[in-house]
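In what follows, every chain begins at residue 1, and chains take the letters A, B, ... in the order their sequences are listed. Every heavy atom of this structure was used, including side-chain atoms; hydrogens, water molecules and symmetry mates were not.
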Amino acid sequence: MGVIDTLKVSCSKASVLIERRELHKLDLFERVGLGFHLRICGACKAYEKQSALIDRWLEERRDSGTPTDIDSVRESIYRRIDLPR
Amino acid sequence: MTTATKTSAQQTQFAEWVRVHTGDLLRFARNRVKDPAVADDLVQLTFVSAWETLDRFAGDSSPRTWLFAILKHKLADHYRKVYREGIKVSGTETVGDDPSETLFVPNGHWHSDHRPQHEEDVFQEDDENEKLDRALRHCLDALPEHWRTVVEMKYLLDKDSDAIREALGLSETNYWQQVHRAKLKLRACIEDRLIRKNH
């Protein structure tokens, strides 16, 4: 297998490398291969950006929704601990 | 329960905490587990634990911070249990179906229906974008439970991958495979909701 083949990265492989990169360092071939792929592939470039955004949303997650039945949960807690209302 | 050992001032104080913080704790829990009944129970257990260990609450942090810390522990315990039970049922580490099979064609290119769009406005960042929060929540709920567990644990345990792997009993390869698969699915789902169906 030639050097070019070693460096060839498919989109499927690129998505794996983008995620794995965050967990531990890629080896030299993987880094060069991924870098080259990202330069020529708009879809994977978009994936990289969106993946990072999803991480950020998850990290800085704004909790949405107004919980219903807060009162009944509160009531269960008062009962369970036997607290004065 | 253990009310007898507490003073009435403590009881009144604690009742006030229940009144003030239940709503926010519930919102937090319900955004992180699919079944609202489970979320409710975790919040109740949080207050029970807080009440039982009230003597240890030194007051260096706010009651809110303290209660949230307890809830996060309860959530981590819950995920751990769910995950381990899943393994027991299936007999193996549950990696689950590989979404790569539908998202990519055999030569490794993106399937034309699932290729990430690179127009600027697809995943636009917008602080007011409630649509995005809703999509994220919907798509987390739509993930298979063990993948969601891995994703949630990652943020509960501050992205400490060793701690997560240890808690869930995952090999390193298995861990990042699950992170990768969950991410592929999550991304495809969010994109689908945000643009293709335009919810």
Shortest non-hydrogen separation from [X] to [Y] and the atoms involved:
| X | Y | value |
| --- | --- | --- |
| B/Pro116 | A/Ala46 | CB-CB, 3.9 Å |
| A/Ser10 | B/Asn107 | CB-O, 4.1 Å |
| A/Asp55 | B/Tyr155 | OD1-OH, 3.0 Å |
| B/Trp110 | A/Cys44 | NE1-SG, 3.2 Å |
| A/Gln50 | B/Gln117 | NE2-O, 3.3 Å |

Would you mind checking which part of [X] comes under 4.5 Å of any heavy atom in chain B, side chain (CB onward), backbone (N, CA, C, O), both or neither?
| X | answer |
| --- | --- |
| A/Tyr78 | side chain |
| A/Thr68 | both |
| A/Leu23 | side chain |

Show the numbers, then the answer: is there a side chain to side chain contact (heavy atoms under 4.5 Å, CB included) between B/Arg187 and A/Ser51? CA-CA 7 Å; B/Arg187 197 212 65 84; A/Ser51 168; 5.8 Å; no

Quick check for you: among A/Ala14, A/Ser72, A/Cys11, which has the greatest number of heavy-atom pairs under 4.5 Å with chain B? A/Cys11

Taking a cut-off of under 4.5 angstrom between non-hydrogen atoms, the residues of residues 26-39 of chain A near chain B are none

List the steps and the verdict of side chain to side chain contact (heavy atoms under 4.5 Å, CB included) for A/Arg61 and B/Leu136. CA-CA 9 Å; A/Arg61 173 129 55 120; B/Leu136 182 63; 4.2 Å; yes

Spell out the residues in residues 23-34 of chain B that have some non-hydrogen atom less than 4.5 Å away from a non-hydrogen atom of chain A, in order of number; otherwise answer 'none'. B/Gly23, B/Leu26, B/Arg27, B/Phe28, B/Arg30, B/Asn31, B/Arg32

Would B/Asp41 and A/Arg80 pass as an ion pair if we require N to O under 4.0 Å? yes

Between B/Lys183 and A/Tyr47, is a side chain to side chain contact (heavy atoms under 4.5 Å, CB included) present by the stated rule, with each step listed? CA-CA 10 Å; B/Lys183 180 68 80 57; A/Tyr47 177 86; 3.5 Å; yes

